[in-house]
Amino acid sequence: MDKYNPHEIEPKWQKYWQETGLLKAQEGSDKKAYILVMFPYPSGDLHMGHLKNYTMGDVLARFRTQQGYSVLHPFGWDAFGLPAENAALKFGVSPANWTYANIQQSKESLNLMGIQYDWSREVTTCAPEYYKWNQWIFLKMYQQGLVLRKKSLVNWDPVEQSVLANEQVIEGRGWRSGALVEKRELEQWYLKITDYAERLLQDLDKLPRWPEKVKAMQRAWIGKSQGAEFDFQVKGSGAKIRVFSTRPDTIFGATFMVLAPEHPLVAQITTPEQKVKVEAYVQASKMKSEVERQMEDREKTGIFTGAYAVNPATGKDIPVWIADYVLSGYGTGAIMAVPGQDERDWEFAEKFGLEIVRTVQPPSGWKGKAYAEDGPAINSGFLNGLMVDEAKKKIIEWMEQNGIGQGKVNYRLRDWLISRQRYWGTPIPMIHCDHCGIVPVPVEQLPVVLPELKDVEDIRPKGKSPLAAHPEFYEVGCPRCGHKARRDTDTMDTFIDSSWYFMRYADAKNDKAPFDPEKADFWMPVDQYIGGIEHAILHLLYARFFTKFLHDQGMVKADEPFEGLFTQGMVMGWSDVGPVEIQGGKIRFLDDARRSKLEISPDITVEDVKKSGAELRQHDDGSTHFWKPAVMSKSLGNGVMVGPFVREQGADIARVTILFAAPPENEMIWTDEGVQGSWRYLNRVWRLISTDAQAINTTSGKFNSASLNPAEKALYQKLNQTLQKVGSDIEALSFNTAVAALMELLNTLQDYRKDSPVSPVYRTAVRYYIQMLAPFAPHIAEEMWHWFYPDSVFAARWPEVDQEALLKEEFELVIQVSGKVRGKATVPVGASEEEIKQIARSVPNVQQHLDGKQVVKEVYVPGKLLNIVVKG
RNA sequence: GCGAGGAUGGCGGAAUUGGUAGACGCGCUGGACUUAGGAUCCAGUGGGGCGACUCGUGGGGGUUCAAGUCCCCCUCCUCGCACCA
C-alpha cells in the first residue's frame with residue numbers, strides 16, 4: 001500500500017461527497033439535528049482562526065449523519081456591511097462585486113478543508129431575494145406596532161458616519177470602528193425590542209445548554225429592576241419631577257433631587273440667578289463623550305438649579321440639582337437623592353454640603369457611610385420599624401393611594417435603533433409623504449431594491465445616507481395618495497439580516513414567504529449553534545427577539561432560536577513583534593508601533609518574557625526578535641492560511657490539529673509541533689491499517705464475543721469503551737478528549753498486532769476505528785473505508801456499543817493502607833468482600849505495612865479499592 | 001465594586017457519584033534500526049532519594065477511611081458589566 005498522501009486522497013473524496021450529495025439536508029427522519037455555525041462576513045481568504053468553528057460544526061454534522069439523523073448543516077454570508085463599502089472605495093470595485101468575489105474565495109477554503117455544507121440552501125444577505133424578507137418582516141412589525149420613529153439623542157459614530165444601536169457601543173466606542181461615539185439628536189427608526197424585555201429575560205431560564213456567562217451578560221444588558229415611579233412637585237411652578245427608584249422605602253431620606261443635564265425640565269425650573277451657571281454646566285456635559293464622563297475619576301460634579309421640590313413624604317422643601325452622574329437615558333432621567341442609603345448620593349451630599357438623613361438603621365458599629373443593606377426603617381414616619389421589603393410594599397401602597405406614583409418595573413434595555421446612514425444595506429421600505437405622513441411600501445412592491453451606484457464615490461459616507469443623493473431612488477409616488485413622495489433613504493442595521501437567517505435556511509429558495517412554517521418547524525430550533533462570544537449580546541439578543549416575534553405571528557413554533565449554544569475559543573498564531581535590543585535585562589523594541597499593537601508593555605524585561613507566554617528568538621540575520629502568540633488576523637499577518645496549508649500538509653491534518661490542541665472553548669495556539677503531532681498520528685493510523693489491508697479483507701468480521709481469547713477480549717473491551725467515549729465526547733463537543741481516546745485505541749491496536757494475528761475482532765476494531773475517525777479526519781477515513789467497503793463511511797451506521805463487552809471479568813484492586821496506595825492485585829469481579837480482604841493481605845507490600853499494627857477499619861469500594869485503616 | 005469562569009508536570013491538557021493525580025499529545029533524555037524518512041521503533045520522563053519511601057493539583061484551615069473534586073477563609077488570573085438610582 002502507498003504512503004499516506006493527503007494530496008491524492010483529499011480532492012478525490014471532496015468531489016465524491018459533492019457528487020453523492022452527502023450532507024444534503026432532507027426532512028423526514030424521526031431524529032433531526034440542526035447544526036449551525038454563525039455565518040461570517042465574506043472576507044476572502046480564510047485562515048485557521050476562521051476555520052475552527054466550521055470544523056467543529058462539520059464534526060457534529062458528520063457524526064449525526066452517521067447516526068442516521070436528518071441533518072441540516074447550512075452556510076451563508078452576512079454580506080451587507082461596511083467592509084464592502086470600504087473596500088469598494090479603496091479599490092474602486094462595486095461592493096457587490098467585491099462581496100461575491102470574496103464569497104467565491106471563502107467557499108474554496110471551506111471546500112479545501114473538507115467541510116461539507118448543503119450549498120443548495122446557501123443564503124447571501126445582500127441578495128434582493130433575501131433582503132426582500134427583511135423588508136417584509138419589518139413591515140409585519142410595523143403592522144404590529146413594533147416599529148416606531150422617534151427623535152432622540154442617539155449614538156453617532158464619526159468614522160462610520162452613521163448612527164449605532166446601544167448594543168453596538170462598547171465602552172463609549174463604536175463596536176467596529178473603535179471611534180468615540182458622539183451624541184446627536186436625530187429622528188430615526190426603532191424596533192420595540194423593549195416590548196419583549198420580560199420574555200427575553202425570563203426565557204433565558206429555558207436555555208440550559210447556553211453558557212452561563214452569555215446568559216449572565218444578557219440578563220445584565222436587559223437590566224430589570226423593580227421599584228416605583230413617582231412625582232415630586234416643584235415649588236412655585238406647576239411642574240412635577242418624576243423619578244424612578246428601586247428604594248422607594250427611603251423616600252423620607254430624600255434630601256435633594258438630581259436631574260440629568262439633558263432633562264427637559266432643567267430650563268424651565270432653573271431660577272434666573274442660577275441660569276448662567278446651569279447653562280454652562282449643561283453645555284459642558286454636552287461636549288463630553290461618554291468615555292470622558294467616566295474618566296474623570298468619577299469625582300461628582302453638579303450645579304444647584306435654584307429650584308426646590310417638595311418631598312411628598314416629609315413635606316419638606318428639598319433643593320433640585322443637576323449632575324451628570326444621573327443619566328438621561330435611564331429611568332426618568334431624574335432621581336430623588338437619598339444619601340443615607342446610596343453611596344453616590346452620599347458622595348454628592350458630602351461634596352456640596354447637603355443634608356444627610358438615615359432612614360435605615362445600620363448595624364451597630366457600622367463605620368461605612370451610606371448603608372444600602374437591609375435593616376429597620378428609622379426617621380420614616382409610618383414606615384418606622386419595617387424591614388426594607390415590608391417598607392417598600394407599604395410606601396408603594398401609600399403612593400398609589402395618594403396619587404403620587406406607583407410600583408414600576410424598569411429595564412435598561414433600550415429600543416433597537418435600526419436606521420443607518422450607509423449604502424450597503426437593506427433599504428427601509430417606508431415612504432414619507434407630505435400629505436399622508438409615513439406610508440409603508442405595499443408588500444406586493446417588495447423588494448425595494450438597493451440601486452447599484454455606478455460611481456464608487458457615490459457611496460462614500462457623508463453624514464447622511466448616500467441614497468439621499470439619488471432622486472432616481474427616492475423620488476416615488478405615495479402609495480396612498482399618489483402625490484410625489486420620498487422614500488426613506490436610510491438602510492437597515494445589518495444585524496437585522498442575521499436575526500432570522502437561520503430560519504431561512506429551512507426554506508432558502510422560497511419566493512412567497514420568508515420560509516414555510518412547516519419546514520421551519522421541522523428544523524427549528526437550532527440544536528447546536530457555534531460561534532464567537534463577541535455576539536453574546538448583539539446578534540444573540542436580536543435573534544431571540546426576531547424569533548419570538550415570528551413565533552407570535554404564528555410563523556414558527558420555536559420561541560427560542562438556539563437550543564444549544566457553544567462559544568469557541570480563538571485561534572492564536574505566533575507573531576513576530578519585530579527585532580529587539582537587550583540591555584541589562586531590559587528589552588527595547590525597534591518597531592514600537594507593532595509592540596503597542598500587540599499590547600506588550602514597553603517596560604517588559606527578559607525575565608518576564610517567558611511568564612507572559614512570549615519568546616525571544618534568534619533570527620538568521622543575527623538579530624533577536626520578540627515573538628508572542630496573538631489572535632490570528634489579517635492585520636497582524638499571523639494567520640495560517642487555509643490554501644497554502646492544505647496544499648503543503650493536508651486538510652485532515654489541519655482538522656486534527658485544531659480539534660486536539662485544546663478544549664474547544666479555550667483559545668488554542670497553532671504551532672508547528674501540533675501539526676507535526678497530527679501528521680504522526682494520522683500516519684500511524686494509515687500504516688497500521690494499510691499494512692494489514694489484505695489480511696483484513698480476507699478475514700470475516702463475524703465472531704462470537706463469548707469465545708474470544710484473552711487478548712481479543714481485552715481489545716474488544718477497549719474498542720467498546722472507546723466507542724462509548726468518542727460518542728459521548730462528540731455530543732459534549734469535547735473533541736480533544738475524543739481524539740485522545742482514538743489515539744489510545746490506536747496504541748491498543750498496535751500493541752495487539754505485535755503478538756496477535758488479524759482476526760475477526762480485529763477486523764471489527766478496524767471498521768469501528770475508521771468510523772470513529774471519520775467525523776474528525778473524513779478524507780483519510782473515507783479512503784481507508786473504501787479498501788474494505790464499497791459505500792461511503794458516512795452511509796454506514798454508527799456502531800452500537802456492546803454493553804456486555806464493557807463488563808469486566810476482573811479488575812485491578814487498589815489496596816490502600818490508611819489511605820495510601822500500598823499495592824494492587826488483579827481480582828475477579830465476582831469476588832466477595834472476604835475474598836478481597838484476603839487477597840489484599842497476601843500482597844507482600846501490604847503485609848509489611850500491616851505488620852505489627854492494629855486494623856481499625858476496612859473500607860471496600862466494590863470494583864475499585866480496599867482501604868485498610870490501621871493504628872499504632 | 002458587581003457578575004461569570006479559572007489556577008493541575010517544561011507546554012497544551014486528562015481525571016463519573018469524593019476512590020491509583022498527571023490519560024492523550026507536544027517537548028526532552030537514552031537506545032535501536034537505517035531502504036536518511038516529514039523517518040520509524042523501543043525505554044524513560046512531576047519533585048526529592050541509590051533505595052524502601054517521601055512530597056506533590058495557587059495558599060491556609062476543615063470534613064472524611066479517602067479530597068484536584070466537598071465546606072470555610074485568602075491570593076492571583078481571564079472575561080463581562082460598571083455613577084443604571
Side-chain angles (χ1 to χ4, degrees), chain A residues 3-4 170-171 211-221 223-225 227 243-248 250 254 258 260 293-294 298-300 323-327 329-338 341-345 347-348 372 410-412 533 536-537 567 610 613 648-649 653 656-657 660-663 665-669 671-681 683-684 687 725 728 734 736-747 750 754 812-824 845 848 856-861 863-870:
Chain A
K3 283 199 328 187
Y4 172 40
I170 318 275
E171 287 177 13
E212 209 40 61
K213 182 182 182 158
V214 173
K215 287 191 277 186
M217 284 166 74
Q218 293 215 354
R219 281 190 194 104
W221 186 260
K224 178 181 184 176
S225 49
V243 302
F244 172 76
S245 174
T246 53
R247 294 292 305 276
T250 63
V258 186
R293 274 198 189 186
Q294 286 170 20
R298 295 177 198 176
E299 173 78 15
K300 297 268 181 298
D324 64 6
Y325 83 93
V326 173
L327 310 172
Y330 182 76
T332 60
I335 61 162
M336 66 166 183
V338 190
Q341 274 74 235
D342 185 285
E343 261 179 66
R344 298 153 298 182
D345 296 345
E347 200 189 314
F348 194 82
N410 211 18
Y411 298 91
R412 217 168 57 118
I533 185 79
I537 292 173
T567 53
K610 235 188 148 181
E648 277 170 42
Q649 308 276 340
I653 292 167
V656 170
T657 303
F660 180 66
E665 65 274 22
N666 288 12
E667 64 185 29
M668 69 152 293
I669 303 178
T671 62
D672 291 346
E673 288 80 8
V675 172
Q676 187 62 27
S678 307
W679 161 263
R680 256 183 236 160
Y681 165 60
N683 236 326
R684 278 170 66 209
R687 273 201 313 272
K725 178 156 177 63
S728 61
S734 182
N736 59 323
T737 51
V739 174
L742 285 172
M743 289 174 169
E744 263 189 77
L745 179 58
L746 177 66
N747 292 341
Q750 283 184 327
K754 267 181 207 150
E812 195 179 38
L813 175 73
V814 174
I815 307 149
Q816 297 183 332
V817 177
S818 293
K820 296 210 155 128
V821 180
R822 297 301 180 189
K824 289 168 196 178
N845 195 37
Q848 255 176 50
V856 180
K857 186 174 178 179
E858 285 175 276
V859 182
Y860 176 53
V861 184
K864 282 207 171 118
L865 109 180
L866 177 73
N867 188 6
I868 307 168
V869 186
V870 296

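So that the names make sense, note that chain A is the first sequence line, chain B the second, and so on, each numbered from 1.
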(request) Kindly say whether, by distance alone, the side chain of A:Lys864 makes a donor-acceptor pair under 3.5 Å with the base of B:U17? (result) yes

(request) Could you tell me whether the phosphate oxygens of B:G25, OP1 or OP2, come under 4.0 Å of any side-chain nitrogen or oxygen in A:Tyr681? (result) no

(message) From C-beta outward on A:Lys857, which listed nucleotide comes closest to its side chain: B:C65, B:A52, B:A85?
(response) B:C65

(message) I want to check one thing: is the phosphate of B:A85, taken as OP1 and OP2, less than 4.0 Å away from some side-chain N or O of A:Ser225?
(response) yes

(message) Distance check needed: B:A85 P versus A:Gln341 CD, whole Å only.
(response) 16 Å

(message) So if I take every side-chain heavy atom of A:Arg684 and compare against B:C41, B:U20, B:C53, which nucleotide ends up nearest?
(response) B:C41

(request) Over 60° means perpendicular and under 30° means parallel, so classify the ring planes of A:Tyr325 and A:Phe348, tilted if in between. (result) tilted

(message) Counting only side-chain heavy atoms from C-beta out, which of B:A23, B:C26, B:U20 sits nearest to A:Glu673?
(response) B:C26

(request) Compare side-chain N and O positions of A:Asn683 against OP1 and OP2 of B:U40 and report whether any pair is under 4.0 Å apart. (result) no

(message) Need one value for A:Asn747: base, sugar-phosphate or nothing, where a base atom within 4.0 Å counts as base even if backbone is also close, heavy atoms only.
(response) sugar-phosphate

(message) Please determine whether side-chain contact (heavy atoms from CB on, under 4.5 Å) holds for the pair A:Trp679 and A:Gln676, giving the CA-CA distance in whole Å, both sets of side-chain angles, and the decisive distance to 0.1 Å.
(response) CA-CA 5 Å; A:Trp679 161 263; A:Gln676 187 62 27; 4.1 Å; yes

(request) State whether A:Tyr411 and A:Lys224 meet the cation-pi test: NZ (Lys) or CZ (Arg) under 6.0 Å from the six-membered ring centroid, and within 45° of the perpendicular axis. (result) no

(message) By the 4.0 Å heavy-atom rule, please label A:Asn736 as base, sugar-phosphate, or nothing.
(response) sugar-phosphate

(request) Would you indicate, yes or no, if B:C41 has its OP1 or OP2 atom less than 4.0 angstrom from a side-chain nitrogen or oxygen of A:Arg687? (result) yes

(request) Please work out if A:Lys754 contacts a base, only the sugar-phosphate, or nothing of the nucleic acid, heavy-atom cut-off 4.0 Å. (result) sugar-phosphate

(request) Go ahead and write out RNA chain B as dot-bracket, 5' to 3': ( ) for pairs within the strand, [ ] for ones crossing earlier pairs, | when the partner sits on another strand, dots for unpaired; Watson-Crick or G-U wobble, both distances under 3.5 Å. (result) (((((((..(((......[....)))((((((.......))))))(((....)))..(((((..]....))))))))))))....

(request) Please measure how far the P atom in B:G9 lies from the corresponding atom in B:G59, and state the result in whole Å. (result) 10 Å

Between the protein and nucleotides 67-71 of chain B, are there any N/O to N/O pairs under 3.5 Å, and if so, what are the atom names and distances?
none

(message) The side chain of A:Arg680 is closest to which nucleotide in this list: B:C41, B:A85, B:G27?
(response) B:G27

(request) Would you mind telling me which residue lines up with the more 5' stretch of RNA chain B, A:Asn666 or A:Gly819, judged by nearest nucleotide? (result) A:Asn666

(message) Using the side-chain heavy atoms of A:Ala662, tell me which of these nucleotides is nearest: B:C53, B:U40, B:G12.
(response) B:G12

(message) From the set B:A52, B:A85, B:G19, return the single nucleotide nearest to any side-chain atom of A:Leu865.
(response) B:G19

(message) From C-beta outward on A:Arg822, which listed nucleotide comes closest to its side chain: B:G80, B:G19, B:U54?
(response) B:U54

(message) Heavy atoms from C-beta onward define the side chain here; which of B:C24, B:G80, B:U20 lies closest to that of A:Phe660?
(response) B:C24

(message) Centroid distance below 5.5 Å plus an interplanar angle below 30 degrees: do A:Phe244 and B:A85 meet both conditions?
(response) no

(message) Give me the atom names and distance for the closest heavy-atom approach of A:Glu347 to A:Glu299.
(response) OE2-CA, 4.4 Å

(message) Is A:Lys820 close enough to B:C55 that one of its side-chain N or O atoms is under 4.0 Å from OP1 or OP2 there?
(response) yes

(request) Measure from NZ on A:Lys3 to P on B:G37 and round the result to the nearest Å. (result) 9 Å

(request) Identify which nucleotide among B:C83, B:U20, B:A14 has an atom closest to any side-chain atom of A:Glu812, counting heavy atoms from C-beta outward. (result) B:U20

(request) Compare the minimum distances between each of B:U20, B:C81, B:C41 and the side chain of A:Val821, then state the nucleotide with the smallest one. (result) B:U20

(message) If you assign A:Val859 and A:Gln649 each to the RNA chain B nucleotide with the nearest heavy atom, which residue ends up on the more 5' nucleotide?
(response) A:Gln649

